[in-house]
*Asks:* 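Starting off with a structure, shown below.
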Amino acid sequence: MKRKSMKNAGIIGAGIAGLAVAIRLARSGWDVDVFEQAGNAGGKLNEFSLDGFRFDTGPSLFTLPHLLYELLDDDLRIPIRKLEVVTRYFYEDGIVINAFADPERFAAEVAEKSSDSQSAVLRYLKKAALIYRITSPVFIFNSLHRLKKLLTLGNLKRALQLPRIQATSNFHTKNSSAFSDPRIIQLFDRFATYNGSNPFAAPATLQVIAHLEHNLGAYFPEKGMYAIVEVLQQQAERLAVQFHFSTPVELVLAGKQGPKTLMIDGQQRDFDLLVSDVDIHYFYETLLADSGRFKKLRQDDPSSSALIFYWGMKEQYSQLDLHNIFFSKSYKTEFDCLFQQKTISDDPTVYVYVSSKLNAEDAPDGMENWFVMVNAPADIGQNWADIRNQVRTQIIQKLERLLEQPVGANIVSEQVWDPPGIERKTASVGGAIYGASSNSMFSAFRRHPNFRNELPGVYFVGGSVHPGGGIPLCLASAKIVGDLVGEKEGGYA
Ligand SMILES: Cc1cc2nc3c(=O)[nH]c(=O)nc-3n(C[C@H](O)[C@H](O)[C@H](O)COP(=O)(O)OP(=O)(O)OC[C@H]3O[C@@H](n4cnc5c(N)ncnc54)[C@H](O)[C@@H]3O)c2cc1C
C-alpha cells in the first residue's frame with residue numbers, strides 16, 4: 001500500500017536494469033512509476049512467438065544469477081539450471097570442443113583436442129579468478145565516480161595489485177602468450193565479444209569473463225531467458241510499482257535546481273527522482289531538454305551490434321547443444337571488418353542458440369527454434385538489405401558444411417533483426433548492443449557515470465553506462481544506483 005508521504009521516482013525504460021532499479025527503490029520506500037515505450041517489459045531481453053516456435057530475442061547466456069535472486073522474494077526464485085557444457089565450439093577443420101563449465105573437464109577437453117595443455121587452461125582460469133577478485137569490487141559493484149567510496153582501505157590494497165591484472169596489454173596478445181594453438185587462442189579471444197569489443201584492441205582484463213563461465217558457471221532459466229523479465233516484473237508489481245506500457249517519455253526536464261519532470265503524451269509529470277534506463281546517447285540527443293549545456297559525451301566507439309536470424313527448423317540436430325559457435329577462419333579479418341570497415345566479413349563466426357534443447361515447449365514436436373547470430377557493426381547507414389541476404393547465404397553454407405546436414409531447406413519460419421531494427425525497438429543508438437565498446441584500457445573510466453552533479457536527483461542505469469552491458473552488469477548498475485539513492489537522497493522520508 002502506498003503512503004501519502006512517499007516520495008516518487010519516475011523510471012524511463014523497463015529494460016532489465018529499469019526493472020531491477022524499480023524493485024530496489026520500491027523496497028526502500030519509494031513510490032515508483034516505470035514508463036516504457038514498448039507494449040511489454042524487457043527491452044533487448046525479450047521474446048516473440050512465430051508459427052508455434054518461441055524465441056528469446058536478445059540475451060541467451062546468463063551468468064551471476066545471484067544478482068537476480070537477491071532481488072526476488074523466496075517464492076519468486078525461478079528454477080535456473082547450471083549448464084554442464086557452456087558452449088560447443090565448431091572449427092572449420094572439423095574439430096569440435098565442448099567447453100565444460102567444470103575447469104578440470106574443460107582443460108582435459110582442450111588438451112585432448114588441441115596442442116595446448118591442461119595446465120595452460122587451469123593457469124589461465126586461476127588468473128581470471130584473481131583478476132575478478134581484484135577488479136569486481138571496484139569496477140563492477142561500485143560507482144567509479146564517488147571518491148569517498150573509491151578511497152577505502154580495501155580498494156587501496158587492490159590498487160597495489162593492479163599491475164598483476166595486466167590492464168595495459170591487449171586481450172589477444174595476452175591469449176597468444178597463454179596458449180599456442182590458434183583454435184584455443186580464438187576460443188578465449190571470443191570473450192571480448194561478450195561486451196561488444198574487439199579482442200585485438202580490448203584490454204587483457206577481459207580475461208575475467210572466462211572466470212564467470214568456467215569457475216562460477218553459466219546458467220539457463222528453465223522456461224527460457226524471458227522468464228527473468230517476467231519474474232522481475234512480478235516482483236516489482238508486488239511492491240506496488242506502477243508500469244505504464246506503450247507510454248514513451250517525450251522529454252526530460254531536469255537541471256541543477258530545476259524540476260525533475262517527464263513530458264508524457266504532452267502532459268508534465270513531476271517527480272522527486274528520475275532514473276534513466278535508456279541508451280545514454282539517446283538520453284542526451286533526444287530526451288533531455290536543453291542538453292547543449294553539457295559537453296559532448298566522451299566515450300569509446302559504439303560496441304558491436306548484431307544480425308540475428310530466428311529460424312524455425314523442421315528437423316532436430318543432434319550435433320547441436322544449447323549454445324554453439326561456428327568459428328571463422330580468421331578472427332583478425334572478421335574484427336577488422338567489424339570495427340574498421342564497419343561491415344561483416346564474408347566468413348563471420350556464427351552463434352546458434354537452441355533453447356528448445358532444454359525447454360521442449362519452445363518448438364513443435366520434432367523441431368527446433370534456432371537463434372542464429374553474427375556480430376555486426378553499429379548502423380552508420382550500411383545497406384542492410386544486401387548485407388542480410390549475403391550473410392544469410394554464407395551462414396547456411398557454413399552450417400551445412402560443418403554439420404554435414406541440410407539447413408536452408410529445413411527453415412520453415414523466419415524473422416530477422418538487424419542493427420537499425422534493434423535501434424528502432426530499443427532506442428539504442430546505431431543498434432549497439434552494449435553501449436560503448438571496451439576497445440581501450442581507459443574504457444571503464446569513460447563510461448557514463450550512474451549520476452552527475454549537474455543533474456541532482458537524476459540517475460542512470462543500464463548497458464550504456466557504468467559498469468557496462470550484459471545482464472549481470474545491468475543488474476550491477478541498478479544495485480549501484482540503489483545504494484547511491486540511499487546515500488544521496490536518504491531513502492524516501
Ligand atoms: C542480440 C543480443 C544478444 C545479447 N546477448 C547477451 C547475452 O547473451 N548475455 C548478456 O548478458 N547480455 C546480452 N545482450 C545484452 C543485454 O541484452 C543488454 O545489455 C541488456 O538487456 C540491456 O538492458 P538495459 O536495461 O540497459 O536496457 P534495454 O534492454 O535497452 O531497455 C531500454 C528500454 O527503454 C525503453 N525506452 C527507450 N526509449 C524510451 C522512451 N523514450 N520512453 C520510454 N521507454 C523508452 C526501450 O523500449 C527499452 O525497453 C544481448 C543483446 C542483444 C541485443
Side-chain angles (χ1 to χ4, degrees), residues 10-22 33-46 55-65 67-68 86-87 193-196 209 212-213 218-220 225-226 228-229 232 243-252 262-265 275-283 285-288 303-310 322-323 351 353 371-376 378 416-419 421-429 431-435 460-465 467-478 481:
I11 297 179
I12 316 163
I16 181 104
L19 291 168
V21 81
D33 284 274
V34 180
F35 301 94
E36 168 56 54
Q37 65 176 8
N40 68 332
K44 298 183 181 80
L45 174 44
N46 231 300
F55 295 96
D56 287 310
T57 55
S60 49
L61 196 98
F62 184 40
T63 51
L64 300 181
L67 294 174
L68 171 69
V86 181
T87 306
T193 66
Y194 280 38
N195 66 5
I209 298 171
L212 300 188
E213 279 200 1
Y219 294 79
F220 189 72
M225 295 297 286
Y226 195 68
I228 296 174
V229 171
L232 285 175
F243 285 94
H244 310 265
F245 292 114
S246 306
T247 307
V249 170
E250 289 145 6
L251 202 63
V252 176
L262 299 180
M263 290 294 292
I264 296 163
D265 204 13
V275 184
S276 166
D277 175 37
V278 301
D279 179 277
I280 195 70
H281 286 276
Y282 167 78
F283 178 82
E285 286 163 21
T286 309
L287 285 190
L288 183 63
S303 77
S304 56
S305 183
L307 178 57
I308 307 135
F309 298 88
Y310 306 91
L322 181 69
H323 302 294
Y351 168 59
Y353 157 59
F371 165 113
V372 180
M373 180 181 123
V374 298
N375 292 314
V416 187
W417 211 23
D418 62 11
I422 294 174
E423 173 159 8
R424 273 195 303 280
K425 184 130 179 39
T426 67
S428 297
V429 175
I433 58 184
Y434 299 99
F460 303 92
V461 293
S464 63
V465 300
I471 298 172
L473 298 196
C474 288
L475 294 176
S477 74
V481 165

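Both counts, for ligands and for their atoms, begin at 1 and track the order of listing.
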*Asks:* For S464, is at least one N or O under 3.5 Å away from an N or O on ligand 1?
*Replies:*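 N/O-N/O distance under 3.5 Å: no.
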
*Asks:* Could you please spell out the steps behind the side chain to side chain contact (heavy atoms under 4.5 Å, CB included) verdict for V275 and F460?
*Replies:* CA-CA 6 Å; V275 184; F460 303 92; over 6 Å; no

*Asks:* Give the contacting part of Y434 toward ligand 1: side chain, backbone, both or neither, where contact means a heavy-atom distance below 4.0 Å.
*Replies:*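 Answer for Y434: side chain.
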
*Asks:* Give the contacting part of A17 toward ligand 1: side chain, backbone, both or neither, where contact means a heavy-atom distance below 4.0 Å.
*Replies:*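 Both of them.
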
*Asks:* Just distances here: any N/O of A38 and N/O of ligand 1 closer than 3.5 Å?
*Replies:*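 Checking ligand 1 against A38, no N or O pair falls under 3.5 Å apart.
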
*Asks:* Below the 3.5 angstrom mark, is there an N/O of L61, backbone or side chain, next to an N/O of ligand 1?
*Replies:*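 For ligand 1, there is an N or O atom that lies under 3.5 Å from one belonging to L61.
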
*Asks:* Evaluating non-hydrogen atoms only, which member of S246, P59, G469 is closest to atom 17 (O) of ligand 1?
*Replies:*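 Among S246, P59, G469, the closest heavy atom to atom 17 (O) of ligand 1 belongs to P59.
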
*Asks:* Do any nitrogen or oxygen atoms of T426 come within less than 3.5 Å of a nitrogen or oxygen of ligand 1?
*Replies:*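 No, T426 has no N/O under 3.5 Å of an N/O on ligand 1.
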
*Asks:* Under 6.0 Å between ring centres: does that hold for F55 and Y310?
*Replies:*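 Ring centroids of F55 and Y310 are less than 6.0 Å from each other.
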
*Asks:* How long is the gap from NZ on K44 to OG on S428, to the nearest 0.5 Å?
*Replies:*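 Going from the NZ atom of K44 to the OG atom of S428 covers 2.5 Å.
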
*Asks:* Does an N or O anywhere in V249 fall below 3.5 Å from an N or O of ligand 1?
*Replies:*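 The answer is yes, given that V249 and ligand 1 share an N or O pair closer than 3.5 Å.
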
*Asks:* Under 30°, 30 to 60°, or over 60°: which ring-plane class applies to H323 and Y351, parallel, tilted or perpendicular?
*Replies:*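 Correct class here is parallel.
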
*Asks:* Distance under 4.0 Å to a non-hydrogen atom of A427: what atoms of ligand 1 satisfy this?
*Replies:*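 Atoms satisfying the 4.0 Å criterion: 37 (C), 38 (N).
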
*Asks:* Got the closest protein heavy atom to atom 28 (P) of ligand 1, with its distance?
*Replies:*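 Closest protein heavy atom to atom 28 (P) of ligand 1: K44 NZ, 3.8 Å.
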
*Asks:* Below a 4.0 angstrom heavy-atom separation, can you tell me which part of K425, side chain or backbone, both or neither, approaches ligand 1?
*Replies:*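 The answer is the backbone of K425.
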
*Asks:* Pairs of nitrogen or oxygen atoms closer than 3.5 Å, one from D277 and one from ligand 1: do any exist?
*Replies:*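 So ligand 1 has an N or O lying under 3.5 Å from an N or O of D277.
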
*Asks:* Quick test of your reading of the structure: of S477, G15, C474, S303, whose heavy atom lies closest to atom 22 (C) of ligand 1?
*Replies:*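 That would be C474.
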
*Asks:* For atom 46 (C) of ligand 1, which protein heavy atom lies nearest, and how many Å away is it?
*Replies:*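 Of the protein heavy atoms, E36 OE2, 3.5 Å lies nearest.
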
*Asks:* Between L61, L68, I16, which is the residue that forms a side chain to side chain contact (heavy atoms under 4.5 Å, CB included) with I471?
*Replies:*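 Testing each of L61, L68, I16 against I471, the sole residue satisfying side chain to side chain contact (heavy atoms under 4.5 Å, CB included) is I16.
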
*Asks:* Do any nitrogen or oxygen atoms of T247 lie less than 3.5 angstrom from nitrogen or oxygen atoms of ligand 1?
*Replies:*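 Between T247 and ligand 1, no N or O pair is found under 3.5 Å apart.
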
*Asks:* With a 4.0 Å heavy-atom cut-off (strictly under), which part of Y282 contacts ligand 1: side chain, backbone, both or neither?
*Replies:*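 It is the side chain that gets close, since no backbone atom is under 4.0 Å.
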
*Asks:* P59 pairs by side chain to side chain contact (heavy atoms under 4.5 Å, CB included) with which of L45, I433, I228?
*Replies:*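 Among the candidates, only L45 passes.
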
*Asks:* Rounded to the nearest 0.5 Å, how far does OG of S305 lie from CD1 of I308?
*Replies:*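 Going from CD1 on I308 over to OG on S305, the span is 7.0 Å.
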
*Asks:* Which is closest to atom 36 (N) of ligand 1 in terms of heavy atoms, I308, N40, L19, V278?
*Replies:*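 When every heavy atom of I308, N40, L19, V278 is considered, V278 comes closest to atom 36 (N) of ligand 1.
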
*Asks:* Heavy-atom pairs closer than 4.0 Å: do any link ligand 1 to the side chain of P472, the backbone, both, or neither?
*Replies:*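 The part of P472 near ligand 1 is the side chain, not the backbone.
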
